[in-house]
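The structure under discussion appears below in the form of structure tokens.
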Protein chains: 2
Amino acid sequence: MAGLREQKKQETKAAIMDAAITLFGERGYENTSIAALARAAGVGKGTIYSYFSSKSDILLAFSEEELACLHLELQQKIPVNALLEEKLLLIFMYEFRYITKNKEFGRTLMREMIFPKALAREKSQEIEEQFIQLFVLIFKEAQEKGQLRQDIELTMTCGHFYALYLMALSAWYSGRLLSEEDVRNALQVMFSQALVGLKPKSEIEKS
Amino acid sequence: MAGLREQKKQETKAAIMDAAITLFGERGYENTSIAALARAAGVGKGTIYSYFSSKSDILLAFSEEELACLHLELQQKIPVNALLEEKLLLIFMYEFRYITKNKEFGRTLMREMIFPKALAREKSQEIEEQFIQLFVLIFKEAQEKGQLRQDIELTMTCGHFYALYLMALSAWYSGRLLSEEDVRNALQVMFSQALVGLKPKSEIEKS
DNA sequence: AATGAAAAATGACTACGGTCAAGTTTTGCT
DNA sequence: AGCAAAACTTGACCGTAGTCATTTTTCATT
């Protein structure tokens with residue numbers, strides 16, 4: 001019978017993911033042991049490691065699903081006629097709120113996303129890729145409207161804004177920014193600086 | 001006899017730090033267990049935890065010392081008359097080379113620096129503070145020479161460039177940038193974009 | 001010098017992430 | 001159906017970070 005094996009594998013993997021969604025949601029990532037996860041999924045501990053390469057790999061898989069939802073939801077909430085800066089702020093604050101809903105969870109996820117171990121590289125890149133897709137349309141549109149330079153690759157522009165978001169997130173985790181409002185303000189300021197440039201206007205004209 | 005106790009405490013702490021410098025240097029952070037550290041320092045395992053709050057706390061203390069050296073060395077290597085962009089590139093590439101000399105070590109350090117746990121916050125901020133001091137003089141000078149806007153706080157400017165450095169570092173850890181040269185080039189491009197701005201010139205003039 | 005209280009050191013212990021040799025199930029083949 | 005190879009599962013086991021009740025050392029007081 002072709003596919004019995006494959007089907008069972010899918011089921012097992014789904015059971016693990018379901019257990020992860022439940023337990024991570026209930027008690028958070030750090031407080032969920034692999035043993036508990038295995039118990040909840042109805043499999044042995046070792047089985048988990050034939051579907052995921054490490055505990056953080058499960059976190060990444062979990063987040064990939066959750067974030068896909070989030071981004072879909074987000075795509076519909078972006079007002080078409082808003083300014084570029086407003087759109088960016090909306091996206092990043094949405095992301096910020098999700099990531100920091102559970103502080104420990106968010107920290108572990110970001111650590112794995114930004115400084116991934118060799119084993120987790122692939123998944124972290126997929127998530128990032130997904131996130132970047134959100135921006136491509138927005139940036140293309142902005143370029144067409146003449147609100148963004150056309151001589152810069154979109155991935156560069158993306159990277160630039162994402163870097164600033166990271167900085168703000170880090171500042172929040174370090175306690176230099178305390179509230180959501182602080183983060184929003186910091187982002188707003190940094191974004192407009194990035195757009196206009198850090199050089200004085202007189203200097204820019206020279207080049 | 002006043003201070004015997006205090007003196008011994010200093011000695012014990014120094015012994016732990018020395019052991020850390022030796023063992024982390026020899027086998028790296030991940031391959032050094034607390035038990036081994038305790039053995040090398042000639043103390044019990046528990047003792048280490050009355051001087052440091054966690055393993056990563058030791059890493060941070062270790063790095064604080066090492067980086068202080070590095071930054072002192074660096075301060076003398078910065079050519080006075082170089083362009084702002086060249087100076088920045090020099091500093092960040094120096095830092096990059098140090099951090100990535102041992103990949104695992106650097107990853108753990110950066111994870112702890114950028115997304116610190118509550119316990120390690122203080123030390124990670126001190127290291128960052130130390131790093132920022134490197135820039136203050138350079139930026140002040142640049143402002144005086146009219147190469148940087150004066151209506152932006154220096155800490156903001158710092159944060160902006162540091163964010164871009166982080167992005168490059170992350171890209172290296174994710175495998176999107178492969179060599180030191182790639183990182184240098186990426187930084188160079190992003191820095192000049194940050195200085196000139198991401199908006200087209202025509203748009204900037206309007207504001 | 002003797003003593004008891006306070007500070008510091010200790011290592012057996014716990015809980016966890018991850019491994020792997022042994023056991024179980026599925027599959028293709030005769 | 002019977003069988004052997006391949007794929008999959010399992011939990012006892014390992015090494016490690018971090019804890020804590022107990023023991024040892026220091027210090028002030030008499």
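All values derive from a computational prediction rather than experimental measurement.
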Using whole Å, report how far CD of A/E11 lies from P of C/dT26. 11 Å

Rounded distance in Å - NZ (A/K9) to P (D/dA7): 10 Å

Can you list the steps and then say if A/K145 with A/E141 is a salt bridge (charged side-chain N to carboxylate O under 4.0 Å, His left out)? CA-CA 6 Å; A/K145 287 193 190 162; A/E141 203 189 311; 3.3 Å; yes

Mind running salt bridge (charged side-chain N to carboxylate O under 4.0 Å, His left out) on A/K123 and A/E112 for me, showing each step along the way? CA-CA 10 Å; A/K123 250 179 209 136; A/E112 215 55 59; over 6 Å; no

Can you list, in residue-number order, the parts of residues 17-44 of chain A that come under 4.0 Å of DNA chain C, counting heavy atoms only? A/T32, A/S33, A/I34

Taking 4.0 Å as the cut-off, does a side-chain nitrogen or oxygen of A/T12 come that near to OP1 or OP2 on D/dT9? yes

Which salt bridge (charged side-chain N to carboxylate O under 4.0 Å, His left out) pairs, counting each pair once, include a residue from residues 60-84 of chain A, with sequence neighbours left out? none

Between B/R107 and B/E30, does a salt bridge (charged side-chain N to carboxylate O under 4.0 Å, His left out) hold up when you go through it step by step? CA-CA 11 Å; B/R107 176 176 27 240; B/E30 311 264 4; 5.5 Å; no

Flag the pair B/F115 / A/Y173 as yes when their ring centroid distance falls below 6.0 Å, and as no otherwise. yes

Could you tell me if B/K13 sits above the aromatic ring of B/F52, with its cationic atom closer than 6.0 Å to the ring centre and no more than 45 degrees from the axis? yes

It should be established whether A/K45 places a side-chain nitrogen or oxygen under 4.0 Å from OP1 or OP2 of nucleotide C/dG17. no

Sub-4.5 Å side-chain heavy-atom contact between A/L60 and A/L109: yes

With under 30° as parallel and over 60° as perpendicular, where do the rings of B/F92 and B/F191 fit, or are they tilted in between? tilted

Length of the line joining B/Q7:CD and C/dA8:P, which is rounded to integer Å: 14 Å

Taken to the nearest whole Å, NZ/B/K8 to C1'/C/dA8 is 10 Å

List, one per line, each side-chain donor-acceptor pair under 3.5 Å for residues 32-50 of chain B, sequence neighbours excluded.
unit_1	atom_1	unit_2	atom_2	d
B/T32	OG1	B/G28	O	2.7
B/S33	OG	B/A36	N	3.1
B/S50	OG	B/T47	O	2.8

Using a heavy-atom distance cut-off of less than 4.0 Å, which residues of residues 48-64 of chain A contact DNA chain C? A/Y49, A/S54, A/K55

Identify each donor-acceptor pair in which a side-chain atom of residues 126-137 of chain A lies under 3.5 Å from a protein atom, sequence neighbours left out, and give them as a table.
unit_1	atom_1	unit_2	atom_2	d
A/E128	OE1	B/R176	NH1	2.8
A/E128	OE1	B/R176	NH2	3.4
A/E129	OE2	A/Q133	NE2	3.0
A/Q130	OE1	A/A68	N	3.4
A/Q130	OE1	A/H71	ND1	3.0

May I ask you to list the residues of residues 106-124 of chain A, by number, that have any heavy atom positioned under 4.0 Å from an atom of DNA chain D? none

I'd like to know if B/R97 and B/E180 make a salt bridge, using a cut-off of under 4.0 Å between side-chain N and carboxylate O. yes

